[in-house]
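Quick notes on the structure that follows.
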Amino acid sequence: GCRFDEPPDFAGAKTRTISLTACDLDGFGGRLLQVDGDLLFDKSHIHGCVMLRHSKVSGSIHFNNCQMLNPGQIALSGGGLIVEGGLFGRHGLVVEGGIRLIGARITGGAFFESAQLYNPGRAALCLDQVTAPVILCTDGFSTDGEVQLRDASIRGLVNFEEATFS
């Protein structure tokens, strides 16, 4: 893993795969980022916001077994995000704060199996106007906060089987 004194700032950058696996980060600046490959945060501890507004990733984005801590704020900001692969927040993803992906296009689907989201009294998962083939929030997915899907376009399955809402 790695530790940065400041949040990595890739705003406006164009690069290949970015792997920040098992890192300790104070946020991530990636507004208007273009990634030709994957964006990997698996097993990382992120304190602050991951900013991906209006970014494009030709592969997938991974937050598996990741802790994203920005209580009462936005933990993942991805309005207008384009992901040509999938968005994965599975198996041990814990988020304190909101995931906000308004208008995102996720070609491979969004997968939040076993994820735990906490943003009491606010939106924990905002997928308003998202376009995706599938959204899975199953296998023990839990949220203390709202899940929003206003005007979303999901061509296939939206599944909350075995999910818990508080």
Side-chain angles (χ1 to χ4, degrees), residues 1-119 122-127 130 132 134-145 147:
C2 57
R3 169 79 184 120
F4 290 91
D5 293 331
E6 298 285 328
D9 186 0
F10 286 87
K14 185 173 184 178
T15 185
R16 291 184 167 216
T17 292
I18 297 174
S19 180
L20 294 169
T21 301
C23 292
D24 190 5
L25 306 170
D26 291 328
F28 179 85
R31 185 176 179 278
L32 300 172
L33 170 65
Q34 293 183 47
V35 178
D36 184 15
D38 296 323
L39 183 54
L40 308 170
F41 294 97
D42 293 335
K43 299 181 184 176
S44 289
H45 297 264
I46 304 167
H47 307 270
C49 183
V50 174
M51 174 60 66
L52 296 175
R53 279 190 299 212
H54 305 290
S55 294
K56 182 176 182 181
V57 177
S58 70
S60 296
I61 301 177
H62 295 255
F63 292 101
N64 299 315
N65 198 23
C66 181
Q67 290 188 354
M68 303 174 76
L69 308 174
N70 203 17
Q73 306 285 326
I74 302 299
L76 172 57
S77 179
L81 174 67
I82 298 171
V83 183
E84 293 178 3
L87 175 64
F88 300 95
R90 296 174 157 162
H91 313 301
L93 171 66
V94 175
V95 180
E96 292 183 17
I99 294 177
R100 187 175 169 100
L101 300 172
I102 296 172
R105 291 190 327 226
I106 308 168
T107 303
F111 304 91
F112 295 102
E113 297 102 312
S114 302
Q116 299 174 18
L117 311 181
Y118 304 96
N119 202 20
R122 297 184 171 102
L125 181 59
C126 180
L127 301 175
V130 162
V134 61
I135 295 177
L136 295 182
C137 297
T138 60
D139 298 330
F141 171 89
S142 66
T143 179
D144 184 353
V147 173

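It should be emphasised that the depicted structure is a prediction, and the values quoted were computed from it without experimental measurement. Residue numbers count from 1 along this sequence.
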Output yes when a side-chain donor or acceptor of [X] lies under 3.5 Å from a complementary backbone atom of [Y], and no otherwise.
{"X": "Thr143", "Y": "Ala124", "result": "no"}
{"X": "Ser55", "Y": "Leu32", "result": "yes"}
{"X": "Ser58", "Y": "Gly37", "result": "yes"}
{"X": "Ser114", "Y": "His91", "result": "no"}

Under 4.5 Å between any side-chain heavy atoms of [X] and [Y], yes or no?
{"X": "Leu81", "Y": "Ile106", "answer": "no"}
{"X": "Ile99", "Y": "Ile74", "answer": "no"}
{"X": "Cys126", "Y": "Ile102", "answer": "yes"}
{"X": "Leu136", "Y": "Phe141", "answer": "no"}
{"X": "Val50", "Y": "Phe63", "answer": "yes"}
{"X": "Leu69", "Y": "Glu96", "answer": "yes"}
{"X": "Ser60", "Y": "Leu40", "answer": "no"}

N-O pairing of Lys56 and Glu84 below 4.0 Å: yes
For Arg90, is there an ion pair with Asp42 - N to carboxylate O distance below 4.0 angstrom? no
Please find the pair of heavy atoms, one from Pro8 and one from Gly27, that lie closest to each other, and give the distance. CD-O, 3.4 Å
Scanning both residues in full, the closest heavy-atom pair of Cys66 with Phe41 reads SG-O, 3.7 Å
For side-chain contact (heavy atoms from CB on, under 4.5 Å), just list the numbers for Leu33 and Thr15, CA-CA rounded to whole Å, side-chain angles, deciding distance to a tenth of an Å, and then say yes or no. CA-CA 8 Å; Leu33 170 65; Thr15 185; 4.2 Å; yes
Spacing of [atom1] belonging to [X] relative to [atom2] belonging to [Y], to within rounding of 0.5 Å:
{"X": "Ser77", "Y": "His54", "atom1": "OG", "atom2": "NE2", "result": "8.5 Å"}
{"X": "Phe4", "Y": "Asp24", "atom1": "CZ", "atom2": "CG", "result": "10.5 Å"}
{"X": "Leu125", "Y": "Asn119", "atom1": "CG", "atom2": "CG", "result": "10.5 Å"}
{"X": "His62", "Y": "Ser44", "atom1": "NE2", "atom2": "OG", "result": "12.5 Å"}
{"X": "Met51", "Y": "Asp9", "atom1": "CE", "atom2": "CG", "result": "11.0 Å"}

Could you go through Leu87 and Phe111, starting from their C-alpha distance and side-chain angles, then the distance that decides it, and tell me whether this counts as side-chain contact (heavy atoms from CB on, under 4.5 Å)? CA-CA 6 Å; Leu87 175 64; Phe111 304 91; over 6 Å; no
Against [X], only a single residue in [options] fulfils side chain to side chain contact (heavy atoms under 4.5 Å, CB included); can you say which?
{"X": "Leu93", "options": "Glu113, Met68, Gln116", "value": "Met68"}
{"X": "Phe28", "options": "Leu76, Ile46, Leu20", "value": "Leu20"}
{"X": "Ile61", "options": "Asp38, Leu39, Val35", "value": "Leu39"}

List the steps and the verdict of salt bridge (charged side-chain N to carboxylate O under 4.0 Å, His left out) for Arg3 and Asp26. CA-CA 9 Å; Arg3 169 79 184 120; Asp26 291 328; 3.1 Å; yes
Applying side-chain contact (heavy atoms from CB on, under 4.5 Å) to Val94 and Tyr118, what does each step give before you reach the verdict? CA-CA 8 Å; Val94 175; Tyr118 304 96; 4.0 Å; yes
Can you confirm whether more than 12 heavy atoms, excluding those of Arg16, are under 6.0 Å from its CZ atom? no
